[in-house]
Amino acid sequence: MSVKFIYPEFEVIRNENRCIACRVCERQCANEVHSYDEEHKIMKCDESKCVNCQRCVSLCPTRALKIVKSDCTLRENANWSNDTIKEIYKQANSGGVLLSSMGNPKPLPVYWDNILINASQVTNPSIDPLREPMETRVYLGKKPRTVSRTEDGKLDCKLPPQLELSMPVIFSAMSYGSISYNAHKSLALAATELGILYNTGEGGLHEDFYCYGENTIVQVASGRFGVHEGYLNAGAAIEIKMGQGAKPGIGGHLPSTKIVGDISRTRMIPEGSDAISPAPHHDIYSIEDLRQLVFSLKEATEYKKPVIVKVAAVHNIAAIASGIARSGADIIAIDGFRGGTGAAPTRIRDNVGIPIELALACVDQRLRDEGIRSNVSLVVGGSIRSAADVVKAVAFGADACYVATAALLALGCHLCRTCQSGKCNWGIATQRPELVKRLNPETGSERLIHLMTAWKHEIKELMGGMGINSIEALRGNRLMLRGIGLTEKELEILGISHAGE
């Protein structure tokens, strides 16, 4: 059976009484779903191409359109779902590996939603953030284990390089090439205004964005795309990407069709060539090798910038983090299995890795047990969706959270999960000039600033309700968390009590 005989996933419903054949939908759809029938003077559509990005629905001046999920399914059962059958048809038709975008969509546990936050009442009064100071600033980097003094008896306040954030949030790694110039500029502008950081991803840093260096994390991935001395010194920190949550254990791939113009120059590879990142760094096969790269990067930047090591959340993440903490790295970034991506093999995305909540809890506890928690800061990502998720992550031991999909949603992303096609109708995951211009960087940055400002207010409100007035007092304070609907083993790994205890 050919894929073309699979009934479309979505149906385009057009109200003919409202449609004025203005052809806005035709002009706005990069997937060529809509077309105009000159003979009959009506709009037609090819629903097999629809990805439900909602662009046509949003811009239809007469609200004549809506898109609904088709209720026509194959004959499925408990073992063979409609999606599973369709995937087999696709692979039988193409012989190729299935690719998917964004995070894992399977109905697996979201532990954030099974964790409740404690609140103060009589004996430990709550704090009103409108009337009392609340400290949301955090500093990422190595911290001294003990208080020390200089020879004249004064406190020794000298610290290794630190990153200062106005709130415990960083815009996560999304490379130039996987997302557009305008999307990158939106992130850079917003990070600068908010006093936080954004991450370049593995595609290098466009020359126009060097001016945002104080709010930029530059990434060194296995392909070393765009990496040179000026790039390393341009950012506030350097991140060695060993893995990411959506595809642990494999590398990256940006198709040749996206390696054009400034992307080619920024990545320092020829136009029209595939940008393939190997699965491993070919100079890292042990913690000792990792340590050598960490100190090579420190040497290249005169020991002025903290070095981050980013890894995916996997079953032995606690042991891995313990090794990284001894490698000389200043910050460990851990990405959970629900982390988003521009493109990943579907089987990897949906079946490899573990939830960030469990990974964070066991890493924080392991580092504390070994007495090396102050060696590193912890940054976690993998579907951080709200201020409540941030607060819970900090209470589990995180110093800050990586946010990516939520940031893209703020820019207009509709989670149509076709980033790999390069036809993003909202100007985000595309390099087509006519689509890129649909995202205005100033408007995009304003929306990101609004989102983070709202989160910051909510973080203060949540902390105030707990009777806590600083992120530092919240970090690792698991007594403020309670589980509900979780097994004894899950509660044990998370290190929290059940609600009611």
Side-chain angles (χ1 to χ4, degrees), residues 3 30-31 51 87 90-91 93-103 172-184 199-207 209 218-228 231-232 239-285 293 310 312 335 339-350 352 404 408 416-425 427-436:
V3 173
N31 297 294
V51 298
E87 286 175 349
K90 289 178 181 178
Q91 289 190 296
N93 187 64
S94 68
V97 172
L98 296 173
L99 291 178
S100 298
S101 325
M102 307 312 294
S172 191
M174 292 175 277
S175 69
Y176 177 46
S178 67
I179 63 173
S180 67
Y181 176 99
N182 286 4
H184 250 254
N199 192 313
T200 64
E202 63 175 272
L205 182 64
H206 192 285
E207 57 190 9
F209 302 150
V218 297
Q219 195 177 83
V220 176
S222 59
R224 303 293 203 266
F225 298 122
V227 176
H228 53 86
Y231 169 74
L232 297 176
E239 180 174 88
I240 302 170
K241 177 201 167 189
M242 301 295 297
Q244 67 183 96
K247 41 187 174 182
I250 67 172
H253 177 207
L254 191 67
S256 58
T257 52
K258 290 188 175 183
I259 308 299
V260 295
D262 287 348
I263 297 167
S264 168
R265 288 190 292 275
T266 301
R267 292 191 176 231
M268 301 192 303
I269 57 176
E271 285 200 39
S273 61
D274 287 291
I276 299 175
S277 301
H281 288 248
H282 286 308
D283 51 356
I284 301 177
Y285 291 93
L293 179 57
K310 179 181 178 181
D335 198 19
T341 177
T346 305
R347 298 292 172 255
I348 298 289
R349 185 199 65 174
D350 293 352
V352 182
L408 296 184
C416 63
R417 298 179 180 273
T418 57
C419 308
Q420 72 275 8
S421 71
K423 296 179 180 179
C424 177
N425 277 310
I428 301 169
T430 181
Q431 303 308 322
R432 289 169 55 173
E434 73 276 12
L435 300 179
V436 170

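Reckoned from all heavy atoms, side chains included, excluding hydrogens, waters and symmetry mates. Throughout, numbering of the chain's residues begins at 1 and tracks the sequence.
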So, taking the atom named CG in Leu408 and the one named SG in Cys424, what distance separates them when rounded to the nearest 0.5 Å?
8.5 Å

Please name all residues satisfying side chain to side chain donor-acceptor pair (under 3.5 Å) with Tyr181, sequence neighbours left out, ordered by chain then number.
Asp208

If you measure from NE2 on His206 to OH on Tyr176, what distance do you get to the nearest 0.5 Å?
4.5 Å

Does Ser101 reach the main-chain N or O of Gly342 with its side chain, forming a donor-acceptor pair under 3.5 Å?
yes

Quick one: does Ile240's side chain get under 4.5 Å of His281's, heavy atoms only?
yes

With sequence neighbours excluded, what pairs up with Thr200 under the side chain to side chain contact (heavy atoms under 4.5 Å, CB included) test?
Leu205, Thr216, Val218, Gln219, Tyr231

Which atoms form the tightest heavy-atom contact between Ser172 and Ala404, and what is the distance?
CB-CB, 3.7 Å

Leu435 CG to Ile428 CD1 distance, which is reported to the nearest 0.5 Å:
11.5 Å

Would you check if the side chain of Glu202 reaches a backbone N or O of Phe225 as a donor-acceptor pair within less than 3.5 Å?
no

Minimum heavy-atom distance between Val97 and Pro345, given as atom pair plus value:
CG1-CB, 4.0 Å

Kindly write out the residues that satisfy salt bridge (charged side-chain N to carboxylate O under 4.0 Å, His left out) with Arg417, not counting sequence neighbours, or none if the list is empty.
none

Side chain to side chain donor-acceptor pair (under 3.5 Å) partners for Ser222, two or more places apart
none

Does Ile259 reach the side chain of Ser264, with side-chain heavy atoms less than 4.5 Å apart?
yes

Residues at least two apart in sequence or cross-chain that pass side chain to side chain donor-acceptor pair (under 3.5 Å) with Asn425, listed by chain then number, are Arg438

Using every non-hydrogen atom in the two residues, find where Lys258 and Gly177 come nearest and quote the distance to one decimal.
CD-O, 3.4 Å

All heavy atoms of Pro248 vs all of Gly245, minimum pair found to be CD-O, 3.3 Å

Looking at residues at least two apart in the chain, or sitting in another chain, which of them share a side chain to side chain contact (heavy atoms under 4.5 Å, CB included) with Val436?
Ser180, Asn182, Thr430

Set of residues satisfying side chain to side chain contact (heavy atoms under 4.5 Å, CB included) with respect to Ala343, sequence neighbours excluded
Gln420

Please report the interatomic distance CD1(Ile284) to CE(Met242), rounded to the nearest 0.5 Å.
4.5 Å

Does Thr418 reach the side chain of Lys423, with side-chain heavy atoms less than 4.5 Å apart?
no

Holding to side chain to side chain donor-acceptor pair (under 3.5 Å), I want the full list of residues that pass it with Arg267, two or more places apart in sequence or in another chain.
Ser175

Between Ser178 (side chain only) and Met174 (backbone N and O only), is there a donor and an acceptor less than 3.5 Å apart?
no

For Asp283, which residues count as a salt bridge (charged side-chain N to carboxylate O under 4.0 Å, His left out) partner, sequence neighbours excluded?
Arg224

Note: Leu99 and Thr346 closest approach over all heavy atoms is C-OG1, 3.5 Å

List for me each residue that meets salt bridge (charged side-chain N to carboxylate O under 4.0 Å, His left out) alongside Lys247, sequence neighbours excluded, and say none if there are none.
none

Interatomic distance, Arg347 atom CZ to Leu98 atom CG [nearest 0.5 angstrom]:
5.5 Å

Backbone N or O of Gln244 within a donor-acceptor pair of the Asp335 side chain at under 3.5 Å?
no

With sequence neighbours left out, write down each residue that passes side chain to side chain contact (heavy atoms under 4.5 Å, CB included) with Ile276, or none if nothing qualifies.
His253, Asp274

Residue set satisfying salt bridge (charged side-chain N to carboxylate O under 4.0 Å, His left out) with Glu207, at least two apart, ordered chain then number -> none

So how far is it from Ile348 CD1 to Ser100 OG, rounded to the nearest 0.5 Å?
11.5 Å

Please name the pair of heavy atoms, one in Gln91 and one in Gly96, separated by the smallest distance, quoted to 0.1 Å.
NE2-O, 3.2 Å

